[in-house]
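Start at 1 and go down the list; that is how both ligands and their atoms are numbered.
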Amino acid sequence: MHISAAPDPAKVLIIDDEIGPRESLRMLLKPSYQVHTAENVETGLQLLQEKRPDTIVMDIRMPGMNGIDGLRRIREIDPHLSVIMFTGFGALETAQEALRLGANDYINKPFDAVQMREVIGRNVERTRLQRQSEATAHELQELNERLRNELAQKERLASLGQASAEFVHDLSNPLTIVWGYVQILAKKLEHSGDGNNGERSASSQRELHIIEQNVRLCRELLTMWQSYGRVGATKPKLVSISSIVQDVGRGVSGMASQNGVQLDCEIAEEELTVLGDPTQLTRALQNVIVNAIQAATEKRGKVVVNCREKDLYADIQVRDTGYGIADSEIGKIFEPYFTTKQGKNGTGLGLYITKKVIDDHKGSIEVASTLGVGTTFTLRLPLHDK
Ligand SMILES: Nc1ncnc2c1ncn2[C@@H]1O[C@H](COP(=O)(O)OP(=O)(O)OP(=O)(O)O)[C@@H](O)[C@H]1O
Ligand SMILES: [Mg+2]
């Protein structure tokens with residue numbers, strides 16, 4: 001069963017030292033409003049803070065702090081609250097002064113019930129509208145701020161896009177040359193594989209193969225950048241995520257050993273297939289694994305890459321025993337340009353790109369870290385139906 005709550009009745013606060021008008025006003029308003037009363041300004045101000053009334057009816061002449069001073073204090077606390085002054089007979093001048101000081105209305109004593117109800121109704125409505133427009137203005141301001149931030153971020157990305165278009169263009173020539181020479185070297189090695197040079201040549205061939213794979217990746221990345229922004233730039237295809245993880249692991253193993261980091265790849269024997277873009281997935285994984293190696297370098301620590309099936313997902317974990325991420329920074333690592341590697345060539349785009357690629361593949365990426373102990377990234381990609 002669903003019980004809907006009745007809307008909150010509006011609240012009226014009456015501040016008057018005389019019991020007669022105070023109580024008769026309470027009786028008059030009780031059927032339609034939540035009524036609070038105070039016999040002096042001090043108690044009234046306290047109730048104002050506690051109850052947040054929609055309208056105040058306040059006597060002007062009171063012992064202690066009078067209504068005019070009370071009005072000033074109320075305005076300091078809540079500039080939008082309607083205040084109706086209650087004035088003794090013939091006190092027109094004081095009533096007018098109260099209006100000058102920011103009261104919204106005044107009513108003479110003894111009051112007329114119909115007129116009183118009408119004035120209070122009007123003022124309750126005014127306060128509510130004021131508060132509503134204040135809240136809307138606040139929301140608008142927040143929305144504006146958020147949009148401005150997003151725009152600034154987009155502009156930075158757009159200017160990066162322009163710069164990288166030129167960079168990509170300049171890079172493709174030397175890369176084509178490297179590619180050509182890699183092919184020549186591969187051929188030469190193939191022919192020198194006979195005789196007692198055999199073992200050395202086989203190892204060089206493996207190394208050359210890694211260079212070849214990575215030069216190919218660079219070429220593909222360049223092509224992808226050139227077609228960036230075009231809708232449906234590449235058509236998704238079936239890719240073996242286990243082989244990609246394996247290749248990336250092999251590709252960065254040289255970097256790991258040079259940095260004194262132990263890199264272990266534990267990959268499920270059964271091939272895990274996802275639908276997507278192999279180049280994108282490769283760069284996404286490379287970013288995470290390279291970060292892990294960089295984090296573990298100082299301690300000469302360890303990086304373990306795990307790839308297995310879990311609940312119809314390919315579950316890839318990259319665990320390192322590196323420097324970890326501070327709690328204050330963990331929420332920012334996927335933002336573009338966030339980096340703690342200033343002066344070490346960090347652009348802060350690595351994880352931003354990774355997240356985008358994983359999102360594009362309808363996957364997820366999570367991070368858990370303890371400062372000084374290590375970090376684990378978990379990437380999940382939906383497996384293609386078997
Ligand atoms: N495994 C990790 N251990 C500790 N900190 C990490 C790890 N991975 C990422 N970070 C933190 O997240 C930040 C952002 O990573 P991201 O890969 O986006 O950029 P970057 O590595 O600084 O620069 P780039 O990837 O361009 O070289 C890093 O600067 C680092 O502070
Ligand atoms: Mg990085």
Next item on the list: State plainly whether the residues Arg72 and Asp69 are in salt-bridge range, i.e. N to O under 4.0 Å.
Entry: yes
Next item on the list: Name the closest protein heavy atom to atom 1 (N) of ligand 1, giving the residue it belongs to and the distance to 0.1 Å.
Entry: Asp320 OD2, 2.9 Å
Next item on the list: Taking atom types as modelled, find out whether Thr354 and Asn287 have a side-chain donor-acceptor pair closer than 3.5 angstrom.
Entry: yes
Item checked: Salt bridge Lys11-Asp54, side-chain N to carboxylate O under 4.0 Å -> no
Check: Are Glu145 and Arg148 close enough, and set up right, to give a salt bridge (Lys or Arg N to Asp or Glu O under 4.0 Å), and what steps lead you there?
Finding: CA-CA 5 Å; Glu145 191 124 320; Arg148 236 196 332 263; 3.5 Å; yes
Next item on the list: Heavy-atom contacts with Ala295 under 4.0 Å: which atoms of ligand 1 show up? List them by number with element.
Entry: 2 (C), 3 (N), 4 (C)
Next item on the list: May I ask you to decide whether Glu23 forms a salt bridge with Arg26, counting only side-chain N to carboxylate O separations under 4.0 Å?
Entry: yes
Check: Looking only at heavy atoms, is any part of Phe334 under 4.0 Å from ligand 1, and if so is it the side chain, the backbone, or both, or is it neither?
Finding: neither
Note to self: Would Leu351 count as being in polar contact with ligand 1, using the rule that some N or O on each side must be under 3.5 angstrom apart?
What the structure shows: yes
Check: Is the shortest heavy-atom distance from the side chain of Tyr106 to the side chain of Ile60 under 4.5 Å?
Finding: no
Next item on the list: Note the single closest protein heavy atom to atom 14 (C) of ligand 1, along with its residue, its atom name and the distance in Å.
Entry: Phe338 O, 3.2 Å
Check: Is the closest heavy atom of Asn287 to ligand 1 under 4.0 Å?
Finding: no
Next item on the list: For Thr339, take its heavy atoms, then give the atoms of ligand 1 lying under 4.0 Å from any of them.
Entry: 20 (P), 22 (O), 29 (O)
Next item on the list: Answer yes if the side chains of Arg146 and Asn149 hold a donor-acceptor pair under 3.5 Å, and no otherwise.
Entry: no
Check: Lys188 and Leu208: side-chain contact (heavy atoms from CB on, under 4.5 Å), yes or no, with the steps?
Finding: CA-CA 11 Å; Lys188 277 193 183 161; Leu208 197 64; over 6 Å; no
Margin query: Closer than 4.0 Å to some heavy atom of Phe377 - which atoms of ligand 1 meet that?
Written below: 1 (N), 8 (N)
Margin query: Checking a contact table here: which protein heavy atom is nearest atom 27 (O) of ligand 1, and how many Å away?
Written below: Gly346 CA, 3.8 Å
Notebook entry, point to check: For Gly348, is at least one N or O under 3.5 Å away from an N or O on ligand 1?
Noted result: yes
Notebook entry, point to check: N/O/S of Thr339 less than 2.8 Å from the Mg ion (ligand 2)?
Noted result: no
Notebook entry, point to check: Distance under 6.0 Å and angle within 45° of the ring axis: does Lys299 meet both against Tyr323?
Noted result: no
Notebook entry, point to check: Under a 4.0 Å N-O cut-off, is there an ion pair linking Arg22 with Asp59?
Noted result: no
Note to self: Which of the numbered atoms in ligand 1 are under 4.0 angstrom from any heavy atom belonging to Ile325?
What the structure shows: 4 (C), 5 (N), 6 (C)
Margin query: For a 4.5 angstrom cut-off between non-hydrogen side-chain atoms, does Arg52 reach Asp78?
Written below: yes
Next item on the list: Could you say whether the N/O atoms of Thr340 and ligand 1 ever approach to under 3.5 Å?
Entry: yes
Next item on the list: Would you mind telling me if ligand 1 is within reach of the side chain of Thr375, the backbone, both or neither, using heavy atoms under 4.0 Å?
Entry: side chain
Margin query: Give me the residue, atom name and distance of the protein heavy atom closest to atom 26 (O) of ligand 1.
Written below: Thr347 OG1, 2.4 Å
Note to self: Students should be able to answer this: which protein heavy-atom is nearest to atom 21 (O) of ligand 1, and at what distance?
What the structure shows: Lys341 NZ, 2.6 Å
Notebook entry, point to check: Which ligand 1 atoms, with their elements, are less than 4.0 angstrom from a heavy-atom of Tyr323?
Noted result: 4 (C), 5 (N)
Note to self: Would you say Thr55 and Ser82 are linked by a side-chain donor-acceptor pair, where the criterion is simply a distance under 3.5 Å?
What the structure shows: no
Check: Would you call Gly324 a ligand 1 contact, heavy-atom distance under 4.0 Å?
Finding: yes
Notebook entry, point to check: Is Asn291 in polar range of ligand 1, meaning some N or O pair under 3.5 Å apart?
Noted result: yes
Next item on the list: Classify the contact between Val318 and ligand 1 as side chain, backbone, both or neither, using a heavy-atom distance cut-off of under 4.0 Å.
Entry: neither
Note to self: Could you identify the single nearest non-hydrogen protein atom to atom 12 (O) of ligand 1 and state the distance to 0.1 Å?
What the structure shows: Ile333 CG2, 3.3 Å
Notebook entry, point to check: Closest heavy-atom contact between Phe377 and Leu351?
Noted result: CZ-CD1, 3.9 Å
